[in-house]
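For clarity, every value in this text was computed on a predicted model and none was experimentally measured.
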Amino acid sequence: MRLATWNVNSAKSRLPRLLPWLDERAPDVVCLQETKLSDDDFAALFDDELAARGYAVAHHGEGRWNGVALLSRVGLDDVVRGLPGEPVFAEGGRTGTDARAVTATCGGLRVTSVYVPNGRTPDDPHYGYKLRWLDALRELVVAGDPATTVVAGDMNIAPTDDDVWDRPAFDGATHVTPDERAALAALQATGLHDVVRDRWPDERVFSYWDYRAGRFHQDQGMRIDLVLAGDGPAGRRAAAWVDRKARKGKLPSDHAPVLVDLDEAPDGDVGPMVPPPSSPAPLVRKK
DNA sequence: ATGGCTAATCGCATTAGA
């Protein structure tokens with residue numbers, strides 16, 4: 001099973017990139033962030049195209065900002081929008097919650113697509129909101145089952161200094177502060193593995209590059225899009241990588257997709273572990 | 001480097017991203 005997460009920075013403007021990417025990479029489960037669409041607008045733009053490709057859809061959007069989705073062609077059940085007990089942002093004249101999480105059961109996994117609040121600056125009210133939101137996310141994971149849990153998305157935190165291109169460039173900024181990293185560590189301490197870093201412990205791996213200043217061309221990025229998996233799915237990891245090609249070319253998102261291939265589940269609930277005797281041995285991974 | 005780009009919005013500038 002192939003699982004992917006991608007902050008598309010507007011699904012509407014990324015439509016000409018997103019559909020060909022689905023055809024090329026053929027992921028079974030996709031976590032999207034920053035769709036920046038209402039549920040109705042997402043459905044109008046994507047439902048037919050996705051259905052034609054075999055994907056069921058759960059979208060949780062609000063319109064102008066945020067917006068997350070799950071696409072799955074291995075089942076999509078028990079959809080939950082938002083986080084239980086998610087914080088309310090109530091400062092500066094704004095009161096409410098954001099569309100930043102959606103959860104569903106796909107191919108035997110309990111998958112949550114997350115768009116963690118940016119935080120803006122460490123002294124901004126949005127920073128505390130970010131930490132409270134991460135607490136609520138941790139509560140969701142604690143209530144779940146490590147055998148099936150996957151949390152994937154834009155964490156808006158670089159786990160270590162090795163996950164940013166130049167640590168001093170982030171002095172005074174969010175994404176690298178001790179409190180954020182502690183919140184991420186607490187989330188992982190519930191039993192979640194950073195699948196890409198586990199696969200590439202010493203490599204320079206980024207998933208986001210600022211549009212400005214030729215950051216992508218110089219590979220001056222950050223690794224803030226993570227796939228966090230419980231023991232079950234983490235133990236099935238066959239491949240984990242960042243699809244840098246999707247960051248190239250015309251009108252890219254500023255984030256690249258992160259992909260993880262999982263071997264078949266040991267109990268066979270995703271598919272047979274071996275092909276039937278009459279079938280030739282597959283040369284490539286079964287989709 | 002002081003936001004050097006991108007996106008959404010009734011926009012002709014502002015908000016937001018990270």
Practice problem: Look at the rings of A:Phe42 and A:Phe46 and say which category their plane angle falls in: under 30° parallel, 30 to 60° tilted, over 60° perpendicular. | Solution: parallel
Practice problem: Between B:dC10 and B:dT15, how far apart are the C1' atoms? Round to whole Å, please. | Solution: 15 Å
Practice problem: Quick one: sort the A:Tyr208 and A:His255 rings into parallel, tilted or perpendicular, breaks at 30° and 60°. | Solution: tilted
Exercise. Determine the Euclidean distance between corresponding C1' atoms of B:dT6 and B:dG11; express it in Å to zero decimal places.
Key: 16 Å
Exercise. Report the distance from atom CZ of A:Arg100 to atom CG of A:Asn156, rounding to the nearest 0.5 Å.
Key: 8.0 Å
Exercise. State plainly whether one hydrophobic cluster holds both A:Trp200 and A:Met222, where clusters connect Ile, Leu, Val, Met, Phe, Trp and Tyr through side-chain heavy atoms under 4.5 angstrom apart.
Key: yes
Quiz item: Does a side chain donor of either A:Asp163 or A:His175 reach within less than 3.5 Å of an acceptor in the other side chain?
Solution: no
Practice problem: Would you indicate what A:Tyr208 reaches in the nucleic acid, counting non-hydrogen atoms under 4.0 angstrom: base, sugar-phosphate, or nothing? | Solution: sugar-phosphate
Quiz item: Roughly how far apart, to the nearest Å, are B:dC12 and B:dG17 at atom C1'?
Solution: 22 Å
Quiz item: Thinking salt bridges, do A:Arg167 and A:Asp171 make one under a 4.0 Å N-O criterion?
Solution: yes
Quiz item: What is the distance, rounded to the nearest whole Å, between atom CZ of A:Phe216 and atom P of B:dT6?
Solution: 14 Å
Quiz item: Using a cut-off of 4.0 Å between protein heavy atoms and nucleotide atoms, how would you tag nucleotides 7-17 of chain B 5' to 3' with B, S and -?
Solution: SBB-----BSS
